[in-house]
Amino acid sequence: MEISYKSTRGDGETYTASQAILQGLSPDGGLFVPTQIPKLKKSLKELSQLSYQDLAYEVMSSFLTDFTPDELKGCIERAYDSKFDTEKIAPLVEKGGVHYLELFHGATIAFKDMALSILPHLMTTAAKKNREDREIVILTATSGDTGKAAMAGFADVPGTKIIVFYPKHGVSPIQEKQMVTQKGENTHVVGITGNFDDAQTAVKKMFHDQDLAAELARAGYLVSSANSINIGRLVPQIVYYVYAYATLARDGKIQDGEKINVVVPTGNFGNILAAYYGKQMGLPLDRLICASNDNKVLYDFFSTGIYDKNRDFILTTSPSMDILISSNLERLIYKIAGDDAERCRGLMESLSAQGKYGITPAMREQLEDFYGGFATEKETAQTIAQVSKDTGYILDPHTAVAAAVYEKYKAQTGDTRTTVIASTASPYKFTRSVLCALDPKYDSMTDLELVDELHRLTGLPIPKAIEEIRTAPVLHDRVVDAEDMPAAVRDILGCV
Ligand SMILES: *Cc1c(COP(=O)(O)O)cnc(C)c1O
């Protein structure tokens, strides 16, 4: 079955998967969505016998139907290799009666590696397929993890350049150090004086900027995105939900076909949307529990049907979820609007003009798969301490938000179904928040001292990604205001 893609704000024009990946965002400002969600081709029993790579092929080949088997297998092989520190790629760890799906075993120790280790290969393959000979320039806004993972993926990939914008004062010290020490002739990192939403909005604006596009095209560049607005990010993320289910089934933790819940610490709504697509493929998922931090715009949306970003932006200990404009929600809105691009565009225009929109009761009824919850900073820290005390397992603050919301969910619903929590980062990426949750005395130590302390306390091996930054020189120090981002791009690319 051929799957094509169309824009959530378009006129129905369709694109192949490779065209959608290459473009990133549709020219009308919408996001590409598959015209239908394919069903899983093999039984869950058969799938549970497969390696991560073979399972990735099963899932991704159903969506990326214009890639040949050889092309796709080549991409998968180059992505899910020894960059990951375990052959399982995404191990499932049972602690305190819940299953943590550890998505942080890749090169930059956050879940972004799951998709960003394959996106560069999908993109360069897509360029070849479409006889695109311009150099691909990736413009990416990051709340801390995407930037490093995207650069690690694209570094020294021929035919590509990548420019990452991050909020100078909105990422963890280790996240920043990871980014500003990035090697690779084709990588560029720029701090901005605003927050993540400012960076993301300015990047989206550059995609719409016809003058900039024409200028860059003349200079031989094709601009694309590595943010989760790119469908090439979303499809690889479906794989690990299928893998988690298959692993539970293989290990006899669930009966064949038994439904499970998933809890996802959410920012841009990409990770949880992948779970939703998995459910539509036929994966037996029950509730999709959307966990927010103090920036609880999604919790409010699920409780009221009103999306309202007019509120203070709060810097939390889970910075990768400090987001008020969850881009991927647009794909869900399009779906519950009955695939009506006109209506979807109207709501998104209202979001950019008034900062909010409301959905109809009929649309709300279709959100039953989701449960929205949030955890405060205090609850997040308490959860890190409690889980450590009860089980010895150390959660990073993002995963702790999910674990805290799951506890609230259980207390509220009494639901005891088998549950998987998406564990999105290694605690080594957020040592200060993690250790201070255990004992405030740690606040006086430096970040790298805290790394050693976490190692001493837990015996968990220190990831290569952390060892590397201890001595790495700072290679990027540019900082600009959000409105000067286009000028920075012109400067970096030598278009003046
Ligand atoms: C990006 C990120 C998230 C949020 O994922 P979304 O797909 O943006 O919802 C959560 N945790 C960590 C560690 C992340 O890097």
Side-chain angles (χ1 to χ4, degrees), residues 31 90 100-117 119 140-150 152 164 166-167 170-172 174-175 178-179 196-197 199-200 225-231 233-238 240-241 262-278 288-293 295-299 301 316-332 370 372 374-375 380 384 395-405 421-431 433-434 463 465:
L31 276 61
Y100 291 93
L101 178 62
E102 293 189 347
L103 302 173
F104 55 78
H105 288 271
T108 73
I109 58 175
F111 100 95
K112 304 295 195 293
D113 291 323
M114 300 305 297
L116 283 165
S117 35
L119 184 69
T140 286
T142 183
S143 55
D145 289 328
T146 294
K148 178 65 187 183
V164 166
Y166 74 97
V171 301
S172 87
I174 290 183
Q175 285 178 315
Q178 279 189 301
M179 286 191 279
F196 170 72
D197 285 330
Q200 174 163 261
S225 165
N227 280 106
S228 54
I229 49 178
N230 194 312
I231 194 75
R233 274 276 299 274
L234 218 48
V235 170
Q237 292 180 177
I238 303 168
Y240 48 74
Y241 290 106
V262 298
V263 192
V264 186
T266 302
N268 231 349
F269 208 74
N271 200 358
I272 195 164
L273 188 74
Y276 179 68
Y277 281 1
L288 308 176
I289 300 168
C290 173
S292 299
N293 64 19
N295 295 293
K296 59 184 181 57
V297 65
L298 287 166
Y299 164 78
F301 171 70
T316 72
T317 52
S318 45
S320 302
M321 298 158 66
D322 290 344
I323 291 174
L324 294 178
I325 307 171
S326 297
S327 292
N328 274 291
L329 188 67
E330 178 167 346
R331 289 186 162 112
L332 181 64
F370 293 92
F374 75 100
T380 304
I384 294 174
L395 304 177
D396 97 282
H398 302 78
T399 311
V401 167
V405 166
I421 294 182
S423 179
T424 50
S426 160
Y428 277 109
K429 206 159 187 175
F430 302 96
T431 44
S433 309
V434 168

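Just follow the structure's listing: the first ligand is 1, and inside any ligand the first atom is 1.
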Side chains of N268 and N328, donor plus acceptor under 3.5 Å: no
N230-S225 side chain donor-acceptor pair, cut-off 3.5 Å: no
Ring centers of Y428, F104 separated by less than 6.0 Å: no
Ring centroid separation F370 to F269 under 6.0 Å: yes
Sequence-distant partners of S172, side chain to side chain donor-acceptor pair (under 3.5 Å), two or more places apart: none
Stepwise side-chain contact (heavy atoms from CB on, under 4.5 Å) check, Y277 with Q237: CA-CA 10 Å; Y277 281 1; Q237 292 180 177; over 6 Å; no
Within the 4.0 Å heavy-atom sphere of ligand 1, strictly under, residues: F111, K112, D145, P265, T266, G267, N268, F269, G270, N271, S320, M321, H398, T424, A425
